[in-house]
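Shown next, in C-alpha cells, is the structure this report addresses.
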Amino acid sequence: MAKHVMIYRRGLPEALLERLKEHFEIEDFSHLESPLDDEQFKQALTRVHGMIGASVKLDRSVLETADKLEAISSISVGVDNYDIDFLNERGIVLCHTPDVLTETTADTAFALILASARRVVELAEYVKSGEWDKSLEEPLFGVDVQGKKLGIVGMGRIGAAIARRGRFGFNMEVSYHNRSRHEQYEREIGATYKELDALLRDSDFVCVTVPLSKNTEKMFGKREFELMGSNTIFVNISRGQVVDEEALIEALQNGTILGAGLDVFVKEPLPKDSPLPKLKNVVALPHIGSATHETRYAMAELAVDNLIAALNGDKPKAPYNWDDTKK
Ligand code: 8YV
C-alpha cells in the first residue's frame, strides 16, 4: 500500500505534485490558511507517513497523534517551526532546503540595504503622489552604501553571500559575528571576525541572518540599538523573533538608529496596527526572502526529492537531523 503524504500550507507546482502522486497517496491541505484548527487536518495527521510544506508551527502538541509519521520535508531552510528534540525522540526525519535559496535571499538583503540607504521606497512614493515639484534638497538625501562598513551577524551560507555582494560589488569593509569563526570566508571575502558589541558599534549596516533559536531570540534589543547608533541601518532577513520589536520601533522613532530594512516580523502577516510600515525610515517587505519563481520552484523540487528519498529509507539530499549511525 502506498504511503500517505500530506501537503500542508504552500501548494506544489503541478509537475512536482504529479511526481509525488507517482509514489504516494496525497492528502492535500495546502488550501487552508490555518490548518491547525481544521478537524480533517487533525484526523489526517494520524494517517500520514510524510508531510511537506512550510510556514506552519508543527510542534510537539500538533504532532503528538502523528504515530505513523516518518519524515517531514520543509520547503524552507529555517527549521524554527519544528521541535527537533521531539522529532529525534520519535525518529522522524526532518529535511529542509538549503543552498538553492542562498543567492536569492542575499539579493533580498541587498535590496533592503540599498532601499533603506537611498530611501528608494519613500522617494518613489514622493514621485507617485505628485509631490516632486523641485530638485531634491538635503532633507531627502540618502546615505552611501558603497565603501561603507557592513556587519553580518550570522555567517552561514546566506551571510557569506551577502558579504560577497558587499565586498566585491560595493567595495564595502565587511566584518562578521558568528558562533564559530569561518577562516575560509575571512580569506575568500576578506571579512574580519568581531565580537558582537564591537561589530554593532563599528558597522554602518548591520545585517542579521542568524537562525531563530533559544539563543538568538530577542538578540537585538534597546542595548544593541544603542550600540549601533544614529548612523546605522539595521537589516533583518532572518526571523522577526530575533528582535525585540518594541525596542526596534522605539529606536527608529527616537533616531537611536538611522533606519531599518525588514523582511521578517514577530507576527506575520504584519498586524494592521503595527507602526513599523508607517515609519519613514523603515522599508518593510512581506517576507519575500526566497520568493522568486525560480527559487521557490527549486525549493519545492528539493523538498519533493527529499521526501521521496526519506520515505524510501534513503538518505535525502538535504536532511536536517539525519543520523547516519541509525540507517
Ligand atoms: C520562506 C524562509 O519564506 O526558507 C526559509 O526559511 O524564511 C523563506 O525562504 C519560508 O519557506 C517560509 O515560507
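Ligands are counted one by one from 1 in listed order, and the atoms in each one are counted from 1 as well.
Heavy-atom contacts of Leu101 reach the following atoms of ligand 1: 4 (O), 9 (O) (cutoff under 4.0 Å). Residue-ligand proximity, Arg239 to ligand 1, at heavy-atom distances under 4.0 Å covers atoms 2 (C), 5 (C), 6 (O), 7 (O).
Taking a cutoff of 4.0 Å between a charged side-chain nitrogen and a carboxylate oxygen, Asp144 and Arg118 do not qualify as a salt bridge. In this structure, Arg157 pairs ionically with Asp99, as a charged nitrogen and a carboxylate oxygen lie closer than 4.0 Å. Looking at Arg90 and Glu64, a side-chain N of the basic residue comes within less than 4.0 Å of a carboxylate O on the acidic one, giving a salt bridge. Salt bridge present: Arg223 and Asp197 bring a charged side-chain N and a carboxylate O closer than 4.0 Å. For the pair Glu125 and Lys128, the salt-bridge criterion is not met [side-chain N within less than 4.0 Å of a carboxylate O]. Salt bridge status for Arg19 with Asp305: present, with a side-chain N to carboxylate O gap under 4.0 Å. A salt bridge links Asp83 with Arg60: the distance from a Lys NZ or Arg NE/NH1/NH2 to an Asp or Glu carboxylate oxygen falls below 4.0 Å.
Of the polar atoms of Thr97, none of the N or O atoms is found under 3.5 Å from an N or O of ligand 1, judged by distance alone. For a threshold of 3.5 Å applied to N or O pairs, the pair formed by Gly78 and ligand 1 contains at least one separation below that value.
Distances from ligand 1 to the non-hydrogen atoms of Met299 include at least one value under 4.0 Å. Residue contact check for ligand 1: Arg9 places no non-hydrogen atom closer than 4.0 Å to it.
For atom 4 (O) of ligand 1, the closest non-hydrogen atom of the protein is Val77 N, 2.7 Å. Taking atom 8 (C) of ligand 1 as the reference point, the nearest protein heavy-atom neighbour is Ser290 OG, 3.4 Å. For atom 12 (C) of ligand 1, the nearest non-hydrogen atom of the protein is Ser55 OG, 3.3 Å. The protein non-hydrogen atom at the shortest distance from atom 10 (C) of ligand 1 is Ser76 CB, 3.8 Å. The protein atom (non-hydrogen) at minimum distance from atom 13 (O) of ligand 1 is Arg10 NH2, 2.4 Å.
For Thr295 (side chain) and Thr292 (main-chain N/O), no donor-acceptor pair under 3.5 Å exists by modelled atom type.
For the residue pair Tyr176/Glu186, the side-chain donor-acceptor check at 3.5 Å is satisfied.
With a 4.0 Å heavy-atom cut-off, ligand 1 is reached by the side chain of Arg296 but not by its N, CA, C or O. With a 4.0 Å heavy-atom cut-off, ligand 1 is reached by the backbone of Ile75 but not by any atom from C-beta on.
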